[in-house]
Amino acid sequence: MGVSVDSARLATVPAVEVLVARSTDGFEVAEVAEVDRAGGGAAAPHRLADLAALADFVAAHERAHRPRWVWADTTDLYPELLGCGVSVERATDLRLCHRILRVARSAAGSALAGAPASPWDESPSLPDDRPPSLLDERPLGRPTLADVAAEADAQERAVAGSAAPGRLRLLRRAESVGALIAAEIHHVGLPWSATVHDRQLTEALGPRPPAGHRPPVLQGLADEVRAALGVPQLNPDSPGELLRALRRAGLDVRSTRRHELADLDHPVIEPLLAYKRLARLHAANGWAWLDTWVSGGRFHPDYVPGGVVTGRWATRGGGALQIPKSVRSAVVAEPGMTLVVADVAQLEPRMLAAMAADPAMLDACRHVDLYDDVVARGVVATRQQAKIGMLAAMYGGTTGEAGELLARMRRAFPGALALVDEAARAGERFEQVETWLGRTSPPPGDRWQSIQQRAYADDADERDHQRARSQGRGWGRFTRNFVVQGTAAEWALCWMGALRRRLRAMTVSPPPELVYVLHDEVIVHAPTAQAGAVVAALHDAADEARRLMFPGVDLAVPLSVDVVDDYGQAG
DNA sequence: GTACTGGGCCAC
DNA sequence: AAACGTGGCCCAGTAC
């Protein structure tokens, strides 16, 4: 029955939103038309028996008018839809948005923020975790359609009644489109040549050894290290053993870090550093990684949108955010296709300039290389100094050269520095800070509080005070960085969302696909003939992101774009 | 056996 | 030269 009712309604009252939830034996949906929204209502929910029915329903609505799909967890429903060949233009991920709105300072007075903890505060449900029993009245952790409707309503109210509804609304959309993108990238995967990767490994490590054995080159280097230190049984993978052996050999080191060893003059250094480099390659991105993470010529990154406190994405397995530069040439475009690799030059300082509306820094942003311009303005002498000074401003560096360069930055860009300095002071006062769109930093944890309280106790000694001060400064560095890193993450989400819409509008076959994201960098795998259009889409999307987040601010956010056959050639 | 921590190094 | 922010992941070592 669902189909005929649905078709009639589709033709006459287009839904602007459709609520979706799993039920005990299928799915439930409820359409919300513009006319319903005013009254806070929705069409009577109806049931869809299985995934195929849901996919048909979604596809029909996407063809007709692309409503916004409102569901609890993109990770729960969207991978299955993608598996049916169905994608959606817009969605709201209630779980991700709930987490943001619960602690958002600008929505602190809302009913949503004041409510006791609920299942919405828990982790997202995944499609394959805890398969629901038929006996369950209601699968654990899976909100009903009524729950979805109530939560969506509570979120709308929290945003509308907040101190910054426009920003929170944009943040909600950006976070939600990020969830769609993460699922889509996981689905399509990053083109990955196992042949090229295997060749790299064999050249560096020798032929692939049996499981549990060191590759020949690593084994040879381990033997050289043992001989040079005179410790035949040494396990070079054990930092403790290695440190003791180095000290017994007369090397005055207090760790086995590469930087501490690099300049020492001893026969062990060269084979040891080579061992460390290759052991890392073998362990993190070796044959085992290739077996586990690459299939059908694609690496399927498992992103976790909003997985980092600042709003950056995290990953769960596979290390998609740490692909070493040395193996990137294994990312190879398929025949007839090309990779369009784009990143933003110095995104974070540009965000800072716009947030603070610092005229001098916005002016410096006009140049493609912000650091070069800082030199040209006579603030510092070299590009490297400009970079160190700027990073010190955003990370809270104080020691040595960074401290002195920071003082120069403070004189040249007083507005920008005042913003991050104030964020740091707020952190030291235990206060929470906000990104530009309103993501709020977490409060310090219990352990943090207890250390601070100890410093105020009657019997507190100098060590307690020292520890509390040091911890306070540490939290200040966190909040200082939070506002900048978090705002950069928001800009990146807006950029990716705007890019995604443009790519979807390009009706070519095969379609250009967003296949990789790395904080402020994206890769689009596109037909070679479409490379120019994709480059244009990237720039237009960046301009849209700027307009969305900083309307009226004259901020330049230049992209660096490369059209390449493999990722190793980019950058 | 599993869970956690620290060392080290990869990315931004 | 390393330091300073956010992380992941692998290994060794230890605690349960």
Side-chain angles (χ1 to χ4, degrees), chain A residues 212 214 218 234-244 253-264 272-273 275-286 288-289 292-293 301-304 306-328 343-349 351-352 384-385 387-406 409 420 423-424 427 433 435 439 441-442 470 473-489 492 516-522 567 571:
Chain A
R214 283 199 178 93
L218 264 190
L234 177 72
N235 175 6
D237 293 324
S238 166
E241 265 186 58
L242 183 59
L243 183 59
R244 283 191 293 276
V253 289
R254 40 173 283 287
S255 79
T256 63
R257 286 195 186 93
R258 185 168 50 84
H259 286 299
E260 193 169 349
L261 302 176
D263 294 332
L264 299 178
L272 178 55
L273 293 183
Y275 180 88
K276 286 165 86 75
R277 184 172 55 83
L278 293 175
R280 163 86 195 178
L281 172 67
H282 181 237
N285 296 98
W289 182 91
T292 308
W293 293 102
D302 208 352
Y303 293 114
V304 184
V308 177
V309 279
T310 56
R312 274 187 178 178
W313 292 2
T315 54
R316 174 173 40 217
L321 298 178
Q322 306 147 258
I323 300 173
K325 295 223 159 91
S326 63
V327 305
R328 291 184 176 182
D343 72 355
V344 186
Q346 306 103 32
L347 177 58
E348 293 187 355
M351 295 297 103
L352 175 54
Q384 184 62 14
Q385 287 180 329
K387 190 172 175 178
I388 291 172
M390 201 61 84
L391 292 178
M394 293 182 300
Y395 293 169
T398 51
T399 58
E401 194 186 2
E404 194 220 319
L405 293 170
L406 185 52
M409 293 290 159
V420 282
V433 296
T435 60
R439 190 186 300 265
S441 66
S470 152
R473 281 194 301 269
W475 197 259
R477 283 193 297 272
F478 164 60
T479 50
R480 169 191 292 271
N481 185 246
F482 182 93
V483 297
V484 179
Q485 186 184 117
T487 301
Y516 186 63
V517 166
L518 179 56
H519 303 313
D520 61 355
E521 176 171 343
V522 299
Y567 189 20

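Order of the sequence lines fixes the chain letters, A, B, ..., with proteins taken first and strands second; residue numbering starts at 1 for each chain.
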Student: Pick base, sugar-phosphate or nothing for A/R312, based on heavy-atom distances below 4.0 Å to the nucleic acid.
Tutor: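 Base contact - A/R312 has a heavy atom under 4.0 Å of at least one base atom.
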Student: Give one of base, sugar-phosphate or nothing for A/V309, where a contact means two heavy atoms less than 4.0 Å apart.
Tutor: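 The residue A/V309 makes sugar-phosphate contact but no base contact.
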Student: NZ of A/K387 versus P of C/dC4: gap in Å, rounded?
Tutor: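 Rounding to the nearest Å, NZ of A/K387 and P of C/dC4 are 18 Å apart.
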Student: Can you identify which nucleotide, out of C/dA12, C/dA3, C/dT6, has its nearest atom closest to the A/T310 side chain?
Tutor: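 Selected nucleotide: C/dT6.
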Student: Using a cut-off of 4.0 Å on non-hydrogen atoms, how would the nucleic acid contact of A/R258 be classed: base, sugar-phosphate, or nothing?
Tutor: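 Sugar-phosphate, backbone atoms only, no base.
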Student: In whole Å, I'd like the distance from the CD atom of A/Q322 to the P atom of B/dC10.
Tutor: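 Answer to the nearest Å: 11 Å.
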Student: Could you work out which one of B/dA11, C/dG13, C/dT6 sits closest to the side chain of A/K325?
Tutor: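 Of all the options, the side chain of A/K325 is nearest to B/dA11.
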Student: Choose from C/dC11, B/dC12, C/dC9 the nucleotide whose nearest atom is closest to any side-chain atom of A/A283.
Tutor: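 In terms of side-chain proximity for A/A283, the closest of C/dC11, B/dC12, C/dC9 is C/dC11.
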Student: Can you tell me how far C1' of B/dG7 sits from CD of A/E260, to the nearest Å?
Tutor: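 From A/E260 CD to B/dG7 C1': 13 Å.
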Student: Please report the interatomic distance CG(A/L242) to CG(A/L261), rounded to the nearest 0.5 Å.
Tutor: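 Here the interatomic distance stands at 7.5 Å.
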Student: Between CG of A/N285 and CZ of A/R280, what distance do you get to the nearest 0.5 Å?
Tutor: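 Between A/N285 CG and A/R280 CZ, I get 7.0 Å after rounding to 0.5 Å.
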Student: Find the distance A/E404:CD to C/dA3:P and express it as a whole number of Å.
Tutor: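 Result: 19 Å.
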Student: Give A/N235 one of three labels, base, sugar-phosphate or nothing, depending on what nucleic acid heavy atoms sit under 4.0 Å from its own.
Tutor: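 Touches sugar-phosphate only.
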Student: Quick check against the 3.5 Å criterion: does A/R328 have a side-chain atom that pairs as donor or acceptor with the backbone of A/I323?
Tutor: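 Yes; judged by distance alone, with no hydrogens or angles, the pair exists.
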Student: Which nucleotide in the set C/dT6, B/dC9, B/dG7 lies at the smallest distance from any side-chain heavy atom of A/V308?
Tutor: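 Looking only at heavy atoms from C-beta outward on A/V308, the closest nucleotide is C/dT6.
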Student: Examine distances only and state if a side-chain atom of A/E260 and a backbone atom of A/R254 form a donor-acceptor pair shorter than 3.5 Å.
Tutor: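 Present.
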Student: Choose from C/dT6, C/dA1, B/dC12 the nucleotide whose nearest atom is closest to any side-chain atom of A/E401.
Tutor: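 Comparing C/dT6, C/dA1, B/dC12 against the side chain of A/E401, the answer is C/dA1.
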Student: Compare the minimum distances between each of B/dC12, B/dC9, C/dT6 and the side chain of A/D520, then state the nucleotide with the smallest one.
Tutor: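 Closest of the options to the side chain of A/D520: B/dC12.
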Student: Using a heavy-atom cut-off of 4.0 Å across all strands, would you classify A/G318 as base, sugar-phosphate, or nothing?
Tutor: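 Sugar-phosphate, no base atom in range.
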Student: I want to confirm an ordering. Mapping A/H259 and A/A284 to their closest nucleotides on DNA chain C, which one lands closer to the 5' end?
Tutor: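 First, find each residue's nearest nucleotide; the 5'-ward one identifies A/H259.
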Student: Measure from CH2 on A/W289 to P on C/dG8 and round the result to the nearest Å.
Tutor: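 Taking CH2 of A/W289 and P of C/dG8, I get 17 Å after rounding.
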Student: With heavy atoms under 4.0 Å as the rule, sort A/G317 into base, sugar-phosphate or nothing.
Tutor: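 Answer is sugar-phosphate: A/G317 comes under 4.0 Å of backbone atoms only.
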Student: With the side chain counted from C-beta on, respond yes when A/K276 and A/T256 share a heavy-atom pair under 4.5 Å apart, and no when they do not.
Tutor: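 A side-chain contact under 4.5 Å exists here.
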Student: If you define the side chain from C-beta out and look only at heavy atoms, does anything of A/T435 sit under 4.5 Å from A/V483?
Tutor: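 No; the side chains remain at least 4.5 Å from each other.
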Student: Taking atom C1' of C/dA12 as reference, at what distance in whole Å does atom CG of A/L243 sit?
Tutor: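 It works out to 14 Å between those atoms.
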Student: On the side chain of A/R477, is there an atom forming a donor-acceptor pair with the base of C/dC4 - under 3.5 Å, no angle test?
Tutor: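 In this structure, the two groups form no donor-acceptor pair.
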Student: Could you tell me how the ring of A/Y516 sits relative to the ring of A/Y567: parallel (under 30°), tilted (30 to 60°) or perpendicular (over 60°)?
Tutor: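 Perpendicular.
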Student: Starting from P on C/dA1, measure out to CZ on A/R257 and report it in whole angstrom.
Tutor: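 Between P of C/dA1 and CZ of A/R257: 17 Å.
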Student: Any side-chain N or O of A/S238 less than 4.0 Å from the OP1 or OP2 oxygen of C/dG13?
Tutor: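 True: A/S238 side-chain N/O within range (under 4.0 Å) of C/dG13 OP1/OP2.
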Student: Can you tell me how far P of B/dC12 sits from CE of A/M351, to the nearest Å?
Tutor: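 Going from CE in A/M351 over to P in B/dC12 covers 18 Å.
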Student: Under 4.0 angstrom, heavy atoms only, what part of the nucleic acid is A/E348 near: base, sugar-phosphate, or nothing?
Tutor: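 Contact class for A/E348: none.
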Student: For A/I388 and for A/Q485, find the nucleotide of DNA chain C with the closest heavy atom, then tell me which residue's nucleotide is more 5'.
Tutor: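 The residue whose closest nucleotide sits nearer the 5' end is A/I388.
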Student: Need one value for A/G396: base, sugar-phosphate or nothing, where a base atom within 4.0 Å counts as base even if backbone is also close, heavy atoms only.
Tutor: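 Answer is nothing: A/G396 stays at 4.0 Å or more from every strand.
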Student: Heavy atoms from C-beta onward define the side chain here; which of C/dG7, C/dG5, C/dC9 lies closest to that of A/T315?
Tutor: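 Comparing C/dG7, C/dG5, C/dC9 against the side chain of A/T315, the answer is C/dC9.
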Student: Which part of the nucleic acid does A/A402 contact within heavy-atom distance under 4.0 Å: base, sugar-phosphate only, or nothing?
Tutor: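 Since a base atom lies under 4.0 Å of A/A402, the category is base.
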Student: Under 4.0 Å between any heavy atoms, over every strand shown, what does A/R254 touch: base, sugar-phosphate, or nothing? Just pick one.
Tutor: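 Answer is nothing: A/R254 stays at 4.0 Å or more from every strand.
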Student: Taking the side chain of A/R328 as heavy atoms from C-beta outward, which of C/dG5, C/dG7, B/dA11 is closest to it?
Tutor: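 Minimum distance to the A/R328 side chain belongs to B/dA11.
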